[in-house]
Amino acid sequence: MPLTLELKNLVVDYGIVKALKDVSMTVETGSIVAILGANGAGKTTLIKSVSGAVKVASGKILLDGEEITNSEPYKIAEKNVMQSPEGRMILAGLTVEENLLVGAYSLKSLKIDGQTISKKQRTNDLLTKVFNYFPILKERRKQQASTLSGGEQQMLAIGRALMGDPELLLLDEPSLGLAPLIVKDIFEILKQIKKEGKTILIVEQNAYQTLKIADYAYVLELGKVKFEGKAKDLIKDEQLMKAYLGE
Amino acid sequence: MYIIELIINSILQSGPLALATFAIVLIFRTSFTTNFAQGMIGTVAAFITTYILMPSPDITGNVPSPTFLTYLIAISVGIIVSFIISMLVDIVIFRNSKYITPVGKQIVTMGIVLIITGLIPFFFGISDRSLPRIGANLEGTFIDTILLSGVEGLRDIGIFVKYHMVLGFLISFIIIGTLFIMLKYTRWGLGVRATASNENVASMMGINTRFITAMSWAIAGGLGALAAILISSNKGTFGNVTVYFMVAIQVQAFFAAILGGFSTFHGPIIGIILLTFFKNLFTSYLNPWGNTVLYLFVLLIVLIKPLGLFGKKIAKKV
Amino acid sequence: MKPLFEKMKHLLNQFLRIYYTKKLLKLNKKKVFNENEMTFKNHQLEQKKERLISKTESKELSEAEVQTKRQEIEIRIEKELTEAKQNIITKSADIENKIIKMKAKRDNLQNALISKIENDLLALKEKNTHLEKVISEAKKTNKDLNQADELIQEKEEELKNNLRKINIIESRKNTEENTDIHLSLSHLTMKFGGLKAVDDLSFDVKKGEIFGLIGPNGAGKTTVFNCITQFYKPNGGDIYYNDSNNETNSLLDFKVHDIINLGIVRTFQNVELVWELSVLDNLLVGAHSLYSAGFFSQLLHLPKIRYEEKVLKTRALEVLKKLDILAYKDALPYGLPYGVLKKIEFARTLMTKPNLIILDEPAAGLNDAETKELAQLIKSLRDEFNLTIFLVEHDMGLVMEVCDTICAISFGKKIAIGSPSEIQKHPKVQEAYLGGE
Amino acid sequence: MEKFKLHFKRISKHPFFGFVLFGLALSLIPIFNNFLPVSFVDSAAKTLIYFIVALGFALLIGYGGLASLGTSSFIAIGTFAIYTVMDLLNMPFALAILIGVIVALMVGVIFGFVSLRIEGMYLAIVTLGLSEIMIELFKNFDKFTGGVSGTTFSSFRLLGQSLSTNQTFFIIIIAVVIAMILTYNLINSPTGRALLAAKNSDSAARAMGISVIKYRLIAFMVSTVYAVIGGMFYMAYIKFSMGSTWGLAVSLNILAAVVVGGSKSIWGVFIGTFIIFGLDLMVFQQIPFLSQGAFANFSFVISGVLIIVVVMYYPSGLIGLFKKMTFKLKNKLAKKSKGERKS
């Protein structure tokens with residue numbers, strides 16, 4: 001079942017810096033929501049607080065009305081929320097295939113129409129799916145993940161998140177360090193994932209391309225929501241351009 | 001011939017030591033610290049085992065052979081107690097201290113060494129205790145026949161090995177083999193390796209890293225216990241279980257881990273085999289400088305290869 | 001046998017050359033210390049004068065007597081000051097002499113190195129003409145054969161590599177000749193496993209300018225930064241630097257902790273201060289390389305270390321005052337406002353009177369007002385201390401405002417370099433940032 | 001008189017004033033001891049000797065952020081060095097110090113350099129190995145160490161004079177005061193700051209021109225020299241040393257003393273040494289029930305528990321806790337007096 005995510009008055013404190021100051025937002029089921037903003041705006045902190053990797057000082061995070069604020073990251077992952085973290089963070093000592101299997105760690109067997117699909121079956125299906133999306137990973141499946149190039153590592157990180165069969169996919173800068181052509185491919189894949197009825201929360205620097213596939217977007221500045229609105233409207237906004245390139 | 005005998009005996013001898021080494025690496029990889037209490041927790045297990053086997057120490061030095069079943073029970077109880085103690089260290093101490101550094105963790109394990117040192121005489125008395133050799137009561141069983149024929153076969157070609165050493169090696173070999181297979185092919189193993197590589201990402205991917213870490217401590221405790229029991233029973237002399245008998249073993253295990261490199265699981269195991277071989281070689285020719293030369297030799301290697309013989313450098317961003 | 005001997009000799013020369021260079025840098029540091037000493041003496045005697053005058057004023061004397069006493073004191077102080085100055089000047093002259101001697105020693109080796117480089121250059125060039133010939137011949141004769149294609153590719157690859165080597169050597173010469181260049185990156189390459197974080201990057205930073213390095217996240221900016229400060233040893237290319245004596249050094253010859261002796265200091269993205277020490281002591285950590293008192297002097301608290309502490313404390317107070325954070329001098333940094341922490345880190349870099357300051361995202365975590373203040377501060381410090389500033393930054397507002405030259409990179413490669421307005425209009429930069437069509 | 005008062009006030013503010021006063025107070029122990037039924041001088045002397053060792057160790061762990069398990073080996077080197085030089089070779093004390101320090105520095109450099117080059121955490125492992133080697137060597141070089149049965153020291157001579165127990169005690173007090181002063185100098189010098197900087201952030205320290213390994217090695221060397229000198233005074237006072245007593249437990253107790261008291265404060269280290277060694281020697285060891293049999297190592301348990309509790313909850317040691325408490329108390333009193341004035 002697809003998930004709705006709600007953030008209410010989120011505050012995150014990093015000791016000396018306040019990374020998020022009273023942020024509220026809603027991510028509707030089956031939509032792509034983009035979070036834009038310059039560096040240091042708190043985008044990554046926001047996504048990390050949803051996945052439980054960062055502890056929230058005050059405020060609430062609700063997943064389908066159920067509070068998940070400050071839950072353990074693995075418990076959030078078990079609720080079908082998967083993340084592709086910033087900077088790829090591939091597991092260096094493991095092979096490509098093992099990295100993907102780590103993504104499938106919390107999968108459980110599934111009952112559909114009285115038929116049980118075993119965990120193994122699901123893992124294999126998802127593996128085929130991910131290899132379909134990213135054929136290069138299939139070629140390199142036995143290779144050490146650290147020997148991959150930057151773009152391949154990014155694909156691995158996204159593929160790994162997809163291996164958890166997420167209903168809510170959290171993507172932190174998926175286009176980071178990727179050649180434009182590959183970025184295009186990745187955004188195509190995101191569209192497909194959305195078609196399957198899944199929800200995506202995406203943090204990006206690559207504003208235009210993101211807004212083109214997103215339904216709704218928030219722009220953060222110094223830990224606060226500066227604008228929000230439909231992606232279609234924002235794409236024409238000149239202020240956005242300024243935010244990125246300075247006066 | 002002599003050198004072959006030395007090699008074979010060194011490999012046999014390094015079996016139980018490999019258990020201790022593996023335990024150290026397991027904890028280093030999942031908790032990024034070195035557990036100095038490993039040996040002491042193992043010592044507790046050895047004491048418990050002797051206590052179950054012989055409630056009162058035999059002063060004459062005649063160690064009565066227990067039955068196979070009592071031996072098995074005694075060992076199991078010892079291992080389980082160590083398993084629990086070690087797990088509690090992680091759950092009770094490390095999980096409840098927020099800003100603990102790797103050196104802080106080291107210091108805590110040193111504190112545990114002190115506590116156990118103080119408590120052992122309280123529970124087990126002040127005199128040294130003894131563990132009989134394992135396998136002394138296997139006579140007539142299937143394993144016994146195979147082992148005996150093996151040992152005798154080697155003797156026939158002029159290589160002398162000891163029966164109980166072979167048994168100790170086999171037990172260690174089976175356990176380490178199982179652990180390697182588990183690490184490579186089971187869900188738990190994947191969890192451990194993912195946690196060892198990057199704990200944050202592992203937990204994001206749905207791995208309960210706290211459970212993995214606690215289990216690693218527990219398993220390390222159990223391995224240390226088995227190592228202590230096997231090593232003391234291999235000695236076979238009266239009073240082979242003393243408060244500090246595992247310290248030297250632990251030093252060997254640590255140096256093996258440094259020699260092989262902490263970044264892999266197999267490196268330290270090869271390290272302990274090499275170390276045992278050279279230790280036997282040096283101590284028979286260079287006494288009393290044997291150990292000194294050996295450890296200086298390891299340091300020299302580490303000076304040239306700081307990450308150990310099999311260590312891999314993982315470039316990280318500042 | 002002979003080439004091996006040559007190689008050994010070259011290595012030995014290399015080692016000695018670096019050793020002497022490091023000694024030279026240490027002597028330079030002493031010069032910096034002497035400058036501080038001067039300020040300290042002034043400051044100390046000023047205080048003494050005031051003390052003496054207030055003492056005479058407290059005594060009940062007539063106006064005229066006070067006046068004469070005052071003059072006496074002034075003359076005395078003046079005398080002491082000239083004495084101190086003379087003292088310091090002799091010391092500086094002494095250092096200057098040592099520098100000249102050390103330089104003579106080093107230059108012999110330097111010349112050997114340069115002649116070797118020249119030889120290498122010639123050999124490379126010769127090889128290239130040869131390669132070109134081979135390639136063109138292969139192209140002519142074996143047009144259709146696959147094998148020849150491979151050969152050509154292989155040779156062309158070699159040619160490219162050689163050209164790069166030639167470029168690197170020539171950029172060294174270029175840096176030597178153009179003393180207005182402060183820092184020159186030449187074909188810098190850095191790989192992490194399969195990941196090319198910096199890919200064949202070259203640019204020059206001129207003396208006295210504020211140079212900005214920009215690029216989207218993951219473009220390799222921080223890696224460039226870490227290569228300059230030697231936290232990473234690059235896989236290829238070289239980095240040249242003209243120090244305050246206009247001597248060209250390859251930064252790759254130095255270790256991380258030697259870099260500050262060349263006059264290069266950096267800041268950190270997440271403010272890395274020593275939280276257990278007061279602000280003033282943190283500044284003294286920044287001045288660590290200026291101390292010359294040995295271990296026993298410190299252990300026994302001998303006059304030498306006491307004097308050095310006094311001199312550098314005066315310097316620290318001066319810097320704190322300049323940055324308007326003198327009020328925090330005895331506070332522990334933990335818990336101070338973020339803007340103040342950034343300033344403390346800035347102040348720490350100024351302790352050694354550096355020539356080049358490298359700032360790693362100075363505006364990260366600052367609000368608009370603080371960022372504006374920072375921009376002013378960077379400019380004024382550049383003018384006042386005659387600095388070159390190299391900064392890596394995400395806040396485009398700040399970059400556009402303060403920088404004279406900006407280099408934009410993406411995937412570790414240079415995509416544009418120029419003035420702020422040029423960069424702003426550059427289509428490739430817009431694409432990299434906004435991901436336009 | 002007024003002038004004298006002012007002068008005294010200035011002197012009393014000097015950091016060394018406390019140390020000297022402390023030394024004077026300690027020298028009263030032998031005098032008061034005449035009125036007591038049991039002698040505390042021996043216990044006090046031992047505690048003070050361990051205090052010297054602990055001061056060196058505090059620099060290593062509090063400022064360098066490094067742990068070592070070789071402390072007891074270096075104490076042992078000290079005891080045997082003084083025995084060899086003064087008893088066997090009949091040479092003066094100064095030479096014993098020189099030789100002991102040189103031996104310690106040589107051993108320390110080899111083991112310290114290699115382990116610190118890899119990572120700070122390795123120091124504990126490598127020094128544990130060192131202590132194992134040393135115990136074996138002490139056993140085998142019975143000419144200098146007395147082998148398994150240990151060796152006795154005939155008499156401690158200074159400037160050709162043989163000193164009595166009480167005289168030796170005063171010498172130890174002087175050594176303690178000097179050690180405190182030197183430690184104070186060092187932790188307030190560029191070296192102390194460089195160590196803290198490296199402990200806080202390795203990369204920031206290196207960017208400031210601090211050679212991290214150099215300073216860590218210095219900290220380790222200082223701790224070894226303090227241990228060796230402590231060992232010499234141990235031999236001078238106790239007059240007996242046996243290789244096998246200098247094992248892991250002693251090193252761990254020194255560590256406990258420093259960690260428990262507060263590794264960044266000289267007074268903290270003293271409090272720690274007093275709790276771990278002083279109380280045990282002066283109180284527990286005097287009670288037969290606690291000093292024999294199953295309870296003989298009873299104090300180890302206390303040390304161990306204290307280490308864990310302090311690491312978990314009071315990272316700055318008991319001295320930090322005291323400071324916090326007095327601070328709170330002062331605040332409370334201040335508030336109270338304010339309140340009174342208001343009413």
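Chain letters run A, B, ... following the sequence lines, proteins first and then strands; every chain starts at 1.
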Checklist entry - Are any of the side-chain heavy atoms of Ile135(D) and Tyr244(B) separated by less than 4.5 Å? => result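 Counting from C-beta outward, Ile135(D) and Tyr244(B) never come under 4.5 Å.
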Item to check | Test item: Phe113(D) and Leu303(B) side chains (from C-beta on) under 4.5 Å apart, heavy atoms | outcome: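 Touching, per the 4.5 Å side-chain cut-off.
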Checklist entry - What residue, out of Met134(D), Lys139(D), Glu132(D), has the most heavy-atom pairs lying under 4.5 Å from chain B? => result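 Of the candidates given, the most pairs with chain B belong to Glu132(D).
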Using only non-hydrogen atoms and a strict under-4.5 angstrom cutoff, which residues of [range] touch chain B?
range                       : value
residues 122-131 of chain D : Tyr122(D), Ala124(D), Ile125(D), Val126(D), Leu128(D), Gly129(D)
residues 241-260 of chain D : Leu248(D), Ala249(D), Leu252(D), Asn253(D), Leu255(D), Ala256(D), Val259(D)
residues 140-148 of chain D : Asn140(D), Phe141(D)

Identify the two heavy atoms, one from [X] and one from [Y], that lie closest to each other, and give their separation to 0.1 Å.
X         : Y         : answer
Asn297(D) : Pro121(B) : ND2-CG, 4.2 Å
Met121(D) : Gln106(B) : O-NE2, 3.0 Å
Gly111(B) : Ile308(D) : C-CD1, 4.4 Å
Gly104(B) : Val311(D) : O-CG1, 3.9 Å

Between [atom1] of [X] and [atom2] of [Y], what distance do you get to the nearest 0.5 Å?
X         : Y         : atom1 : atom2 : value
Ser115(D) : Ile258(B) : OG    : CD1   : 8.0 Å
Ile133(D) : Leu296(B) : CD1   : CG    : 6.0 Å
Phe111(D) : Leu299(B) : CZ    : CG    : 5.5 Å

Item to check | Verdict with supporting geometry, Ile107(B) and Ile307(D), side chain to side chain contact (heavy atoms under 4.5 Å, CB included) | outcome: CA-CA 8 Å; Ile107(B) 292 172; Ile307(D) 288 185; 3.6 Å; yes
Heavy-atom cut-off 4.5 Å, strictly under: side chain, backbone, both or neither for [X] against chain D?
X         : value
Ile100(B) : side chain
Phe94(B)  : neither
Phe28(B)  : side chain
Leu294(B) : neither
Val92(B)  : backbone

Item to check | All pairs passing side-chain hydrogen bond (donor to acceptor under 3.5 Å, both in side chains) where residues 288-302 of chain B contributes a residue, at least two apart | outcome: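 Those involving residues 288-302 of chain B are Lys279(B)-Asn291(B), Asn291(B)-Glu136(D).
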Checklist entry - Checking Arg117(D) side chain against Pro306(B) main chain: does a donor-acceptor pair fall under 3.5 Å? => result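 The answer is no, because no donor-acceptor pair under 3.5 Å joins these two groups.
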Item to check | Proximity breakdown for Ile302(D) and chain B, heavy-atom pairs closer than 4.5 Å | outcome: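 Neither the backbone nor the side chain of Ile302(D) comes within 4.5 Å of chain B.
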Item to check | Pairs of heavy atoms under 4.5 Å with chain D: top-ranked of Ile120(B), Thr34(B), Ile93(B) | outcome: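 Heavy-atom pair counts peak at Ile93(B).
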